[in-house]
Colleague: 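Right, I'll just put the structure down here and ask away after.
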Amino acid sequence: MTPLTGFLLVAALLFSIGLAGALTRRNAILVLIGIELMLNSANLNLIAFWRYGPHPERLTGMMFAIFSIAVAAAEAAVGLGLVIQIHRHAHTTDLDAINRMKG
Amino acid sequence: MEEGLKIELGKQGVFVTTIEELYNWGRRSSIWPMQFGLACCAIEMIATTMARYDLARFGAEVFRPSPRQADLMIISGTVTKKMAPQVVRLYNQMAEPKYVIAMGACAISGGPFKQGYNVLKGIDRYIPVDVHIPGCPPRPEALIQAFMTLQKKIDGQNLTGEGRPRHLDAEAQGEFPVPVQGEHDLEPSSNRLVWPLPMKTGIRD
Amino acid sequence: MLETLDQVFVLLQHWLVGFLPAVLQPVAGVLLSVVVIIVLFPALFALTTVLERKGLGRIQNRIGPNRVGPFGILQPVADGIKSLTKEDIVPLSADAAVHFLAPVLLVVAVFMGFAVLPMGRNMVLVDMDAGLLFFFAMGASTELSVFMAGWSSRNKYSLLGAMRAVAQMISYEVVLLMSSVAVVMISGSLSLTKIVEAQNQYTWGLPHWYIFTPWGLAGFVMFAIAATAETNRSPFDLPEGESELVAGYHTEYSGFKFALFFLGEYLAMFSISGLGTTLFLGGWSAPFSFLGWVPSWIWFFSKLLLSICVFIWLRGTLPRLRQDQLMNFAWKFVLPMTLLNLMVTALWRFLGEGWERWVFCSAILMLAYVAMGRIGMRSGHIGPRRYRYAE
Amino acid sequence: MLGEGILKGLAETAKNFAGSFVSAERMTTVEYPEERIAPIEAARVFPFLVYDGTDWESGMRCVACQICEKECPPKCIYIEKSKDKKPDAIGKPQFYPAKFDVDIAVCMSCQICVEVCPFEAIKMDTEFELSTDDRFGGLLLDREELSKSNEYYHQIHPTEAAVVDARLTEGRAKADAKTTAAAITGAIRGAEIPKRPAEGGD
Amino acid sequence: MASNPYFSLAVLFVAALGFGLAPLGLAKLWGMVFSPPKPNAIKNSIYECGLESKGDAWMQFRSAYYLYAIIFLIFDVEAVFLLPFAVAFTGLGVAACVSMLVFVLLLIEGLAWAWAKGVLTWA
Amino acid sequence: MKTIEEIKAAIEAAVPGAGVEVVPNASPSGQHSLRLEPSHAFEVAKFLRDDAELALDFLSNATGVDWPDKEVTEKVKVKRLVTKTVDGVEQSAEETVEESRKRVEPGCLEVVYHLFSMAKKHGPVVLRMKTVNRTDNVELPSLTPVWRSAELQEREIFDLFGIVFTGHPDLRRLLMWDAFKDHPMRRDYVDPDDYEYEPTAHEQVLARAAAHTAGEQIAGASAGAIPGGGQEGIGGK
Amino acid sequence: MSFVFYILAALTVAGSLAAVLLKNTVHCALALTVAFLGLALLFLDLDAQFAGFAQILVYIGAVAILVVFAILLTRGSETPKDGVFSHTWLVGLVIAAAVFAVLGWAVLGSARVLPHETAAPVVTVRDIGVALIGRYILPLEIVAILLTSAMIGAVIVAMHDKEGAK
Amino acid sequence: MSLSGLEKEKDRPEGWNRPRLIEPDGEGELLEIAMGPHHPSTHGGFRMDVALDGERVIRLKPVFGYLHRNHEKIAEGIGYLGSMPYTDRLDYICSLTNNWAYALAVEKLTGQEVPERAEYLRVILGELTRVQNHASSIGFLIQEMGASGTPLMYAFREREKILDLFEGLTGSRMMCNYMRFGGCRVDAPEAWLTAARKVVAGLPGFVDEVDRLLTGNEILMARTQGVGVLPPELAVNAGVTGPMLRASGVNYDIRKVDHYGIYDRFNFRVPLGDHWDVYDRYMIRMLEMRESISILEQALKDIPAGPVMDAKAKIRGFRPKPGEAYGRIEAPKGELGFYLISDGGPNPYRYRVRPPSLINLTVLEDMCLGSDVADVVLIFGSVDIVLGEVDR
């Protein structure tokens with residue numbers, strides 16, 4: 001097993017955990033947490049590929065990761081803002097309950 | 001070295017004695033009072049911490065507002081029946097080891113206001129008091145002197161053995177029930193465990 | 001000889017490590033440095049508490065602790081023993097695990113900051129390329145521990161205190177970051193060692209400390225304000241504002257956990273003072289070139305102590321701000337000023353070496369300061385008043 | 001300019017900080033157990049009973065008239081009058097307190113007992129270092145603990161004591177004159193209450 | 001290994017953790033040997049000015065905190081970009097600086113917008 | 001400043017049927033008072049506050065007074081038909097005989113208000129109101145809507161005297177706790193038996209001790225023995 | 001591939017597992033910070049110093065705070081009575097497991113063709129700065145616009161009612 | 001949510017000068033906290049049940065009685081003289097003005113005269129009391145603002161000097177029990193007057209020092225200006241008196257209105273506030289201190305010789321004729337009045353204290369609504385109360 005495999009596996013695991021969290025939790029905030037985990041696993045991949053890639057000195061993966069951090073942070077801000085907004089109207093962050101209300 | 005002390009040392013082991021000394025020294029040198037004033041005496045208590053008397057010299061200017069971090073409760077003033085449950089609750093919420101100074105006549109016995117219907121006739125009916133300072137209000141120096149009396153008392157406490165203070169004794173009670181405000185009076189009107197009836201009659205022999 | 005004195009700790013470390021087999025030497029060297037940090041700063045903490053209590057006492061016309069040990073210097077030891085033997089109370093409804101972790105995390109996070117502070121020539125645990133970033137990354141974690149403490153206590157005052165603390169710390173963290181960026185722009189490095197070395201030059205015997213430039217002075221003032229707020233010191237000590245919130249986020253803490261918060265607060269003060277010293281006050285460099293012979297670590301620690309004295313002085317003088325004023329001050333005064341300062345710093349570089357840059361930069365900053373102060377006071381309807389008398 | 005007032009305040013505290021090292025005006029702490037504030041003559045803390053001569057029991061001025069007990073606002077004085085009479089300092093047979101207790105845990109130091117006492121028997125002490133861990137043993141003073149000599153009184157309140165002494169001598173002289181007069185008529189009266197001006201203690 | 005800066009950091013981390021935990025452990029030990037803890041219902045209830053605590057402290061807060069957190073987050077991210085720029089600043093030309101100025105100004109514009117909207121007014 | 005009679009006249013002119021009565025005060029202070037009819041008190045109060053000349057805008061003091069039921073022994077001259085034998089003839093004649101009779105004069109609770117004028121800087125004008133009796137009919141109109149300063153003072157009177165102020169916005173106990181039942185400032189209030197021990201044994205103390213011991217024995221019979229042991233257990237020695 | 005990697009990987013995975021499994025939402029948020037920390041340390045292990053510290057600064061310092069605030073703002077710290085998982089949790093779990101299976105298969109399957117460790121590249125912050133202002137200037141400006149609009153958007157969304165109240 | 005005891009307000013009748021209630025904006029939950037009875041800033045056992053919307057106060061209910069010591073009941077059971085030391089313990093910072101008010105009320109009841117020297121002594125002691133009360137009240141106010149006690153320490157430094165004077169004359173630092181019906185208990189020796197002159201000469205310096213330390217301080221101004229506004233109409237209607245009333249711009253000083261004692265002989269001015277907020281209250285106290293110092297200087301210069309006690313006054317067996325009297329003075333905290341009903345017996349039939357502290361608190365809620373929690377503490381501090389007087 002190359003070192004890269006390890007990192008990729010961890011990233012895959014993180015992605016799946018995040019996905020599982022996003023799909024199974026009822027609380028909207030925790031769904032967002034799951035999504036954050038998925039984004040971060042992508043970051044890990046980027047950095048790992050940069051480190052083991054052919055041209056680490058060109059910084060492509062690293063810069064990508066930094067931009068990705070910024071975008072993910074922005075995503076978190078907006079996403080959580082939406083959750084708050086939903087909570088304000090539905091008085092809950094329980095997605096099941098919100099679905100029921102809709103349906 | 002005194003003979004009695006030697007025997008004592010032999011019994012306890014020098015180690016324990018050293019720890020005991022250190023422990024007592026630490027406790028006595030760092031008594032943080034609770035920021036807790038009730039009435040007239042509170043002003044003298046404040047005056048004690050002020051420039052002229054400066055309780056800080058003893059390392060005791062750290063008045064903590066939260067009972068969790070305080071070691072000493074200075075009952076400075078009249079404890080009314082409306083206030084008593086709160087005082088007892090606060091005392092309970094302090095962390096061991098904790099000390100109580102009943103400052104002034106009112107805190108000891110109800111003082112000049114003991115004739116009142118809403119005045120608790122002495123806080124030691126509900127919680128154990130370590131030092132009483134008479135006076136109405138006691139002078140700031142009297143509070144400092146009481147503080148030194150308390151330090152002496154701490155110095156004299158043993159770490160182990162029969163004579164050890166309440167907080168070191170696992171058997172000793174740690175909870176002091178909070179009285180309930182009833183329709184006419186506090187119920188019960190005293191805590192028998194800390195306030196055994198001194199005498200049946202009112203007359204001293 | 002003087003050189004030796006300057007490097008006495010480094011040499012001492014080498015000498016001590018020299019007794020060990022060569023394999024272990026680097027490891028032992030690191031261990032030794034870490035032990036020094038772990039011992040030195042808590043000792044400084046003890047010293048500072050006495051200093052603070054005595055200093056406040058002097059400000060208030062009294063003596064302060066003087067009974068415990070000679071001149072009261074054993075006071076913190078007694079406090080420590082007392083705290084250690086005090087009962088530890090965890091409220092039943094509290095979240096015990098988080099309640100336990102919060103103070104530990106705080107202390108750890110604050111200690112980590114010391115890793116990158118150069119305390120003298122060649123005296124830094126880790127000289128990292130991204131040292132400053134590391135420092136801020138560690139500083140950011142303290143907010144979380146404060147939140148954990150307040151939230152886990154499940155006490156209204158604690159939670160309110162924690163929310164205030166976090167809001168305040170995040171607001172001033174921005175300022176802290178932005179005012180440091182100005183220094184980085186000129187020194188061209190995030191490594192604190194390099195930043196100090198950039199300032200360790202002299203013209204006519206006077207040092208090139210950044211505080212002696214217009215942008216540096218402004219940056220330092222903003223940094224100092226933010227640092228005071230970041231460490232929850234008066235006049236920004238709202239989170240533990242005892243007049244309304246009892247003891248803030250550590251209301252429910254007793255025994256040594258509380259002592260750890262206390263320790264954490266002071267350590268944060270040291271580390272942030274150390275950073276301020278490094279960024280603006282030339283770190284370990286001497287104030288005049290002819291004083292260059294004095295060991296560098298003496299300069300660092302005397303600057304550190306000096307800034308702590310200023311902290312104490314402020315505490316002895318100023319009342320505290322209100323939450324909204326604090327936030328407004330951060331976002332509507334300090335942050336704009338800091339951002340402006342960034343531009344001025346850029347201008348400073350582009351204006352060349354002449355006297356013009358001094359005049360221009362000073363004028364811009366001064367004008368902005370006065371104007372913003374005026375506008376702020378006026379929009380808040382505050383100002384001195386006149387009073388009338390009946391008849 | 002913003003910050004001006006703050007700087008002024010800082011200057012003020014700095015002045016006090018520096019001043020505390022040089023001027024007594026700015027370093028007002030009196031280190032209590034070792035140093036003490038100069039005793040204030042008028043100070044009053046708790047009452048004590050004055051006795052003349054050397055023996056507290058025979059020299060006690062109190063004749064157990066119980067006025068102070070009645071007038072005491074918080075009712076902290078308890079007196080039991082003796083059944084018999086004993087000669088006082090000048091040899092006149094008087095009642096004496098068989099029991100004279102003051103509960104200083106109740107006393108409010110108001111000095112009304114002193115004001116109403118017609119015999120100059122009860123005065124205010126200046127001793128305040130009375131803290132104790134013994135609520136009843138330490139704070140209930142009986143007549144022996146309460147008795148202090150006239151010399152002690154002179155020591156703590158010199159001016160007041162001189163006035164009192166003068167008044168007493170005067171009263172005694174008058175009483176003597178009266179007793180002589182009464183002796184002539186053969187009617188021996190008991191304790192005559194000497195009137196004194198209403199101004200109070202001093 | 002020891003030359004790796006992270007090793008020093010790790011050692012410092014462990015030491016700091018130990019520094020935090022050791023006294024707590026010692027206090028626990030002291031409690032076990034000498035001074036037994038005396039928990040009871042009153043002591044371990046929440047402190048609330050000497051009264052019994054009413055209502056839960058874990059309650060819903062206002063969005064003012066959140067708004068500040070958003071702005072903080074954005075500025076934090078901005079700082080991540082600003083710092084490398086600042087490091088490189090000494091060697092940069094005017095054009096690069098102008099483009100960075102645009103970057104900063106864009107964010108300042110956001111701040112100004114928030115200011116104008118009253119977001120920065122603590123409610 | 002008008003005299004009390006003038007004020008009375010002014011009130012009667014403004015509020016017809018006010019039923020104001022002057023209560024003279026014998027003391028040198030000369031602060032005579034006006035007794036108001038509770039039913040008109042509110043209008044009178046409003047008039048006093050708003051009248052341009054009086055402008056009693058400041059209610060300084062409001063307090064209660066308890067006048068307990070009094071047992072009065074009075075000598076009454078009673079005319080009686082006496083049958084007498086005068087000169088052997090039985091005559092029935094009326095005669096006045098002095099007889100001492102006891103009767104209970106019903107007490108009342110009274111409120112006293114002291115009014116001043118801040119605008120005109122005069123005062124005080126004293127108002128009083130009486131309740132019908134001390135037990136069930138203890139209602140009086142609240143003047144809080146006229147003068148805010150009565151708010152806490154009327155609550156205090158309610159607490160300590162038990163006068164119920166109708167129209168008071170927030171009539172709760174002020175000083176005693178909510179569960180408390182008595183009105184302690186009434187003159188027939190009996191202190192709770194909280195005697196424990198008082199070292200200065202006055203007669204009252206002994207009486208209380210005796211009463212307490214009696215009560216204690218009744219309660220103690222079921223509670224069992226009381227742990228004793230003097231003072232040694234106290235204070236963590 | 002060292003012992004350090006295993007520890008960090010375990011830390012990260014444990015943190016993320018806790019973040020999705022714990023009952024109390026605040027605990028989840030705290031566990032999330034542990035996961036973020038683990039990730040940051042993994043970055044450091046990959047010699048991406050700047051990215052690692054940036055990760056700590058942004059995620060632990062800001063995003064975690066944001067999450068925690070959001071939880072307190074929505075009364076999220078109370079554990080709901082009727083379970084924390086959605087009623088479709090099984091479906092979600094199956095999907096996640098399937099995704100992991102696919103990813104894992106892909107990674108392991110290509111393990112042999114993946115590049116091996118090379119010498120650690122020396123990347124200074126200055127390099128990043130130069131790259132940022134040079135090659136990546138366009139993304140940088142776009143990110144600035146994105147951040148500003150995200151801020152405005154998030155603020156508008158979060159403060160909506162406040163506006164109405166005024 | 002339950003606003004315990006707060007819901008009742010909806011039923012307030014017409015004409016009730018009620019506080020403008022603030023409706024929560026529905027954002028976030030209301031937080032109910034009890035500030036007190038043990039709270040670092042309530043000056044003792046006092047409680048405010050506060051409902052917060054965010055950090056904004058939307059309801060505030062003061063709870064009294066934690067220091068209700070039954071002063072009035074006790075006074076009805078002991079003689080007229082016996083109540084004098086109890087009055088010391090009403091407002092335990094200003095025992096001498098309490099003595100004065102009580103003595104004044106009894107003198108009104110009996111018609112006793114007070115010798116001139118005693119009047120001068122009363123003025124001197126009363127104004128000294130006012131200075132030390134205002135100084136420490138400012139100190140406490142700034143303490144509540146979080147100034148780690150420095151102004152309070154300075155205030156107490158000065159207060160100790162004044163207390164030394166009190167002790168030198170009356171024998172006690174705080175509980176002076178000095179005034180009697182028809183005069184004062186003891187005469188002031190010349191040495192005491194000299195000492196008093198010395199202390200008074202030092203007071204302006206102290207006021208200047210506090211002025212420099214605080215008055216221009218931006219933080220203090222930001223904290224106090226525009227906070228806790230009390231409009232004059234409400235102040236008058238709610239019976240607010242003392243510096244608080246004058247800070248609301250109402251010219252009402254009982255020293256000028258009632259001409260009691262010998263205040264007519266002194267030149268002093270009454271400062272008034274125009275903004276009605278906490279800063280005004282702070283400044284009015286500062287300015288009143290200066291006025292008091294000027295009165296003190298005049299009184300200490302002019303004090304005549306003579307007796308200090310009405311020759312006809314009785315100490316024992318004091319029984320006023322039946323009747324009633326209400327006497328009041330301008331105590332440092334406001335109008336302190338005593339209302340006495342005598343039935344001819346040795347004890348007063350009814351003894352009532354009109355406590356300025358309690359009545360000034362009537363408007364606490366009005367001033368606090370809509371402000372920050374931190375301001376509640378300040379506003380409460382600016383009212384300047386002493387609980388001994390509030391609860392009696």
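Just so it is clear, the model here is predicted, and its values are computed rather than measured. Residue numbers begin at 1 in each chain, while the letters A, B, ... track the order of the sequences. The figures that follow rest on heavy atoms only: side chains count, while hydrogens, waters and symmetry mates do not.
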Colleague: Do C:Met138 and G:Ile56 come within less than 4.5 Å of each other through their side chains, counting heavy atoms only?
Modeller: yes
Colleague: Restricting to non-hydrogen atoms, name the atom on G:Gly61 and the atom on C:Ala140 that form the minimum distance, rounded to 0.1 Å.
Modeller: CA-CB, 3.4 Å
Colleague: Can you check whether G:Phe69 reaches C:Val166 side chain to side chain, under 4.5 Å on heavy atoms?
Modeller: yes
Colleague: Any chance you could measure G:His27, atom NE2, to C:Ser152, atom OG, to the nearest 0.5 Å?
Modeller: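 Those atoms lie 8.5 Å apart.
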Colleague: So do C:Met148 and G:Val26 actually touch side chain to side chain, heavy atoms under 4.5 Å?
Modeller: no
Colleague: Among C:Ala97, C:Ser189, C:Ala130, which residue forms the greatest number of heavy-atom pairs with chain G at distances under 4.5 Å?
Modeller: C:Ala130
Colleague: When rounded to the nearest 0.5 angstrom, what is the spacing between CH2 in C:Trp151 and CD1 in G:Ile71?
Modeller: 8.5 Å
Colleague: Say you draw a straight line from CG of C:Leu144 to CG of G:Leu30; how long is it, rounded to the nearest 0.5 Å?
Modeller: 6.0 Å
Colleague: Using a 4.5 Å cut-off on heavy atoms from C-beta on, say whether the side chain of G:Leu72 contacts that of C:Phe147.
Modeller: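 A side-chain contact exists here, since the closest heavy-atom pair is under 4.5 Å.
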Colleague: Measure the CG-CG distance between G:Leu57 and C:Leu177 for me, rounded to the nearest 0.5 Å.
Modeller: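 CG of C:Leu177 is found 6.0 Å from CG of G:Leu57.
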Colleague: Taking all non-hydrogen atoms of both residues into account, name the closest pair between G:Val125 and C:Asp129 and its distance.
Modeller: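 For G:Val125 versus C:Asp129, the nearest heavy atoms are N-OD2, 2.7 Å.
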Colleague: If we define contacts as heavy-atom pairs under 4.5 Å, which of G:Thr33, G:Val68, G:Ile60 has the most with chain C?
Modeller: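 Going by pairs under 4.5 Å, I would pick G:Val68.
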